[in-house]
Structures are given as C-alpha cells and as structure tokens.
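Remember, it's a predicted structure, so these values are computed and weren't measured experimentally. Ligands are counted one by one from 1 in listed order, and the atoms in each one are counted from 1 as well.
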Amino acid sequence: MTRTVYVNGEFLPEQEAKISVFDRGFLFADGVYEVTSVLDGRLVDNPAHLKRLHRSLNELEMAAPATDDEIVGIQQALVEKNHLREGMIYLQVTRGAAERDFNYPDDAEPSLVMFIQEKNILLDPRVETGISIITTDDIRWRRRDIKTVGLLAASMAKMVAKKAGADDAWMVEEGFITEGSSNNAYIIQGDGTLVTRHLGNEILSGITRQAVLKLAAETDINIEERPFTVAEAEQAREAFITSATTLVMPVVAINGRQIADGKPGALTRRLREIYIQNALQASAAA
Ligand code: PDD
C-alpha cells in the first residue's frame, strides 16, 4: 500500500515525496527528529515530544518550521489519510537546502517531513519472550541530549548486536551504561530498586522514560537515577528498555547471560501495563 507522506506543505504519495540534494539534513545530518507512538489511532505523549523538539531546535539555533498547532494538524491528517490505528509518526526538521558550507546558512528555510509506520506495539511478540542485548562501546558524540538524525553510531551498535545474535545493544562509556541504541536502559536490583542513568548530555531524555519514572514513583517503587555498570546489569533481578516504539520492553539476557530466570520480570510487566493503561486514558482524554 502506498503511504501518504508530508513534505514541506504537501501531502504526497510516498514515491513522489522529494527533498533537495542540498538539504543540510542529507549533507551534514543537520536535522532533528521525533517519533510519537500511535495507539488506537491516537498520539501518545505528543505534547512532551513537541517540547523536546523545541529544545533540540533551540540547541542547534534552528528555526521551527511550523507552529505546534500546525504540526499536530499534520500529524492527525497523516493518521487519518493512512488509516493508522497502531504504529508511529516520524517527524523530521532539517535546516533546509543551502550551498554546501559548514557554517549555518542565514537564509535557508527549514524543511519538515513526516510519515507514518504501522507497527504492532501493544501485541509485540517480544513482550512475552523479552529481548537479549549485548553491551558495546558508546562511540557517539557528546550531545546525545539533542535528538539529531546523526544515527550512524546507533545503527553500528545495532549491527554489532545483530551479528552477535542479540536483539539490541546497550552502550557503555567509562564502565557505565549510558543507554540503549535507540532507547533508555533500566535495571531492577535484588531489593526492588529501579536504577536508570541520570539525565545529562550523555543520554537522550526519553519521553517514555519521563512517564515511566513518574508512574513508578506513584507506585511506590524506589528509584535511583545514577550510572550503573555492566556487572550490575548482569546481576540484576530484572532489566528493561523504554522508547516510544517499544514502550516498556523486558530484557532477559545481557552479553549471553540470562537475567534471573531468563523470563520477563514481574515489575517490568507491571510497569508496562500501567504505562499502557495510562497512555490510552490520557490520549483518549486529549
Ligand atoms: N528512539 N535514547 C535514544 C538514543 C533514542 O533514540 C530514543 C528513542 C530513546 C527513547 O526516547 P523516547 O522514549 O522519547 O522514544 C532514548 C526513537 C524511538 C527512534 O529513534 O526510533
């Protein structure tokens, strides 16, 4: 089926959607993006995604291509035009087309692209089995708090995992886990404490992370936001990742070693349930 995508003011069949070869997103990875999940035809946590988009744009001194109301209007039009029930909306802003020059151009028009992808998020079969991860060196740049389209290091980390027969990779810097290749990383210690790295330039401030930590605190789960080591992860009682497209996803093996009994942990499953319940209620009310 041909999708309808959005490019700079137009809704087009995907084959007809085009961007200039001079676009700085293409030449310099000079662009930022957001991924918002769609459940039951509704956007999840979208205001928080738009807030983070503005933060990314500000950090790069990039102009917003449209108002938030316009962006939401386009997102909703894409959901409708593509009859999307479950999946995600991808949104990318680049600095636009300009003569190739490292300096930011003064006069480029930012470009805005959006498309949808269908995906089974709620009934993802990996929720039942859990996923396996390996750890690998975090070779990314030092502003991982900005959600840029410079994702080659993340692709490389995922390929390291794939070649090792694992589902995904957690990245390690100076002995501590930073985050997953495209998600935030968590462990639950033997005493039930949930541990995830604190925010900073070293990781992306996940929107799902923000929601899950709030729900965990309301559920009286003890939370520590601090760096944790690979050894701590391997000895954890449970582990999981969060992102817009996986929500809360159990991790059952690290570096070929089973975590606890090798099954998705009880607290992880509970957090996933609470997160989904909350997301469906909140998006229905919006
Ligand atoms: N990735 N950390 C990184 C490096 C990410 O790329 C992502 C999201 C997250 C989780 O953020 P959020 O909860 O806001 O989705 C953390 C998206 C899903 C992607 O690139 O496809």
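Among Phe228, Phe240, Trp170, the single residue meeting the ring-ring contact (aromatic ring centres under 6.0 Å, His included) criterion with Tyr186 is Phe240. A side chain to side chain contact (heavy atoms under 4.5 Å, CB included) with Val5 holds for exactly one of Lys81, Glu16, Glu14, Gln15; it is Glu14.
Side chain of Arg24 to main chain of Asp101: a donor-acceptor pair is present (N/O by atom type, distance under 3.5 Å, no hydrogens or angles).
Between Glu218 and Lys214 there is a salt bridge, since at least one side-chain N of the basic residue sits less than 4.0 Å from a carboxylate O of the acidic one.
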Decide side chain to side chain contact (heavy atoms under 4.5 Å, CB included) for Val251 and Ile187; before the verdict, give the C-alpha distance in whole Å, the side-chain angles of both, and the deciding distance to 0.1 Å. CA-CA 9 Å; Val251 171; Ile187 57 170; over 6 Å; no
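Contacts of Glu224 classified as salt bridge (charged side-chain N to carboxylate O under 4.0 Å, His left out), with partners at least two apart in sequence or in another chain: Arg226.
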Would you tabulate the polar-atom pairs, meaning N/O of ligand 1 against N/O of the protein, with distances under 3.5 Å, reported to 0.1 Å?
| residue | atom | partner | partner atom | Å |
| --- | --- | --- | --- | --- |
| ligand 1 | 1 (N) | Lys147 | NZ | 3.3 |
| ligand 1 | 1 (N) | Ser182 | O | 3.3 |
| ligand 1 | 2 (N) | Glu179 | OE1 | 2.6 |
| ligand 1 | 13 (O) | Ile207 | N | 3.3 |
| ligand 1 | 13 (O) | Thr208 | N | 3.0 |
| ligand 1 | 13 (O) | Thr208 | OG1 | 2.6 |
| ligand 1 | 14 (O) | Arg52 | NH1 | 2.9 |
| ligand 1 | 14 (O) | Arg52 | NH2 | 3.0 |
| ligand 1 | 14 (O) | Ile207 | N | 2.8 |
| ligand 1 | 15 (O) | Ala244 | N | 2.8 |
| ligand 1 | 20 (O) | Tyr33 | OH | 2.6 |

